[in-house]
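As the structure is a prediction and not an experimental result, all values here were calculated from the model.
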Amino acid sequence: GRRLAPGDRWTVDGTVAVPGAEQRSSLRVHGRLVELGLVGDEKVARVSSTAALPLRASAVASGGLLVLDGDQQIEQRATYDLDDGAVRSARTTTTGRFAIEVQPPSGTVATVVPGTLDVRVTSTTRRL
């Protein structure tokens with residue numbers, strides 16, 4: 001809703017629906033306009049952002065229940081074309097750290113199996 005200058009920062013708070021999640025998750029994004037520049041003769045904006053998404057989800061697994069509880073952090077650097085707003089390039093790294101539990105089927109006498117899950121995914125996008 002406003003023009004940005006290099007160095008300007010912003011925060012966006014919202015909620016998102018995540019498949020398998022027990023409820024909508026809170027999403028908080030911090031962004032910064034790094035610089036305005038040129039790629040060839042095209043005007044571009046370079047943006048850096050980080051996002052935090054807490055997550056609690058469950059799914060039926062082998063008659064029991066698998067419960068995931070933790071958060072994911074997303075770091076992105078992107079270059080946008082100022083003429084049409086399209087992403088020219090982006091590099092994103094998502095890191096998730098979760099506690100997991102495998103719960104036995106309801107009504108059985110068994111032990112809950114705890115564990116941890118760490119995931120790191122890096123992706124690169126380039127406009128053709």
Side-chain angles (χ1 to χ4, degrees):
R2 65 181 172 89
R3 291 183 181 261
L4 297 173
D8 283 355
R9 297 175 182 273
W10 63 89
T11 299
V12 177
D13 290 310
T15 59
V16 295
V18 177
E22 296 173 1
Q23 58 189 3
R24 293 179 65 85
S25 295
S26 297
L27 176 66
R28 173 166 266 206
V29 181
H30 297 282
R32 180 173 72 92
L33 176 58
V34 175
E35 67 180 348
L36 299 172
L38 294 172
V39 172
D41 60 350
E42 300 293 324
K43 294 178 184 176
V44 299
R46 291 186 178 86
V47 174
S48 174
S49 65
T50 59
L53 180 66
L55 181 63
R56 180 168 174 80
S58 59
V60 175
S62 300
L65 188 65
L66 176 64
V67 179
L68 185 75
D69 189 11
D71 68 300
Q72 69 181 38
Q73 303 290 320
I74 305 155
E75 295 182 18
Q76 182 180 61
R77 291 190 58 90
T79 301
Y80 296 90
D81 189 314
L82 288 180
D83 287 337
D84 63 9
V87 174
R88 294 185 64 90
S89 65
R91 181 166 176 86
T92 305
T93 300
T94 302
T95 304
R97 298 185 149 257
F98 304 97
I100 58 173
E101 281 185 358
V102 179
Q103 300 178 356
S106 180
T108 63
V109 178
T111 305
V112 171
V113 178
T116 59
L117 174 65
D118 292 335
V119 178
R120 182 181 171 110
V121 177
T122 300
S123 64
T124 302
T125 304
R126 288 195 177 84
R127 183 176 181 177
L128 299 177

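Rounded to the nearest 0.5 angstrom, R97 CZ and L117 CG are separated by 10.5 Å. One finds the CG atom of D81 at 11.0 Å from the NZ atom of K43 (value rounded to the nearest 0.5 Å). Expressed to the nearest 0.5 Å, how far CG of L55 lies from CD of Q23 amounts to 10.5 Å. Taken to the nearest 0.5 Å, the OG atom of S48 stands 8.0 Å off from the CD atom of E75. Residue H30 holds its NE2 atom at 7.5 Å from CG of D13, rounded to the nearest 0.5 Å. To the nearest 0.5 angstrom, R120 atom CZ is 5.0 Å from T95 atom OG1.
Of all non-hydrogen atoms in L33 and A45, the two that sit nearest each other are CD1-CB, 3.9 Å. The heavy-atom pair separating S26 from L53 by the smallest distance is O-CD1, 3.5 Å. Listed here is the closest heavy atom pair of R32 and G7: CG-O, 4.1 Å. When all heavy atoms of T15 and R24 are compared, the closest pair comes out as O-NH2, 3.0 Å. V44 and L38 get closest at one heavy-atom pair: CG2-N, 4.0 Å. Here the closest heavy-atom approach between residue P104 and residue V112 is recorded as CD-CG2, 4.1 Å.
Applying the side chain to side chain contact (heavy atoms under 4.5 Å, CB included) rule to E35 yields the partners R46; only residues at least two apart in sequence or on another chain are considered.
Under the 4.5 Å side-chain criterion, counting only non-hydrogen atoms from C-beta, Q73 is not in contact with T50. Between V47 and W10 there is a side-chain heavy-atom pair separated by less than 4.5 Å. Within the 4.5 Å cutoff, side-chain heavy atoms of V16 are placed close to those of V18.
Under 3.5 Å, the side chains of S89 and R126 contain no donor-acceptor pair of N or O atoms.
Between the side chain of T94 and the backbone N or O of I74, no donor-acceptor pair lies under 3.5 Å.
Under a hydrophobic-cluster definition in which Ile, Leu, Val, Met, Phe, Trp and Tyr are linked whenever side-chain heavy atoms come within less than 4.5 Å, directly or via other members, V67 and F98 are assigned to different clusters. Taking hydrophobic clusters as Ile, Leu, Val, Met, Phe, Trp and Tyr residues chained together by side-chain heavy-atom distances below 4.5 Å, V119 shares a cluster with L68. V34 is not connected to V29 by any chain of hydrophobic side-chain contacts under 4.5 Å among Ile, Leu, Val, Met, Phe, Trp and Tyr, and they are in different clusters. Hydrophobic clustering keeps L65 apart from V113 (ILVMFWY residues linked when any side-chain heavy atoms are closer than 4.5 Å, directly or through intermediates).
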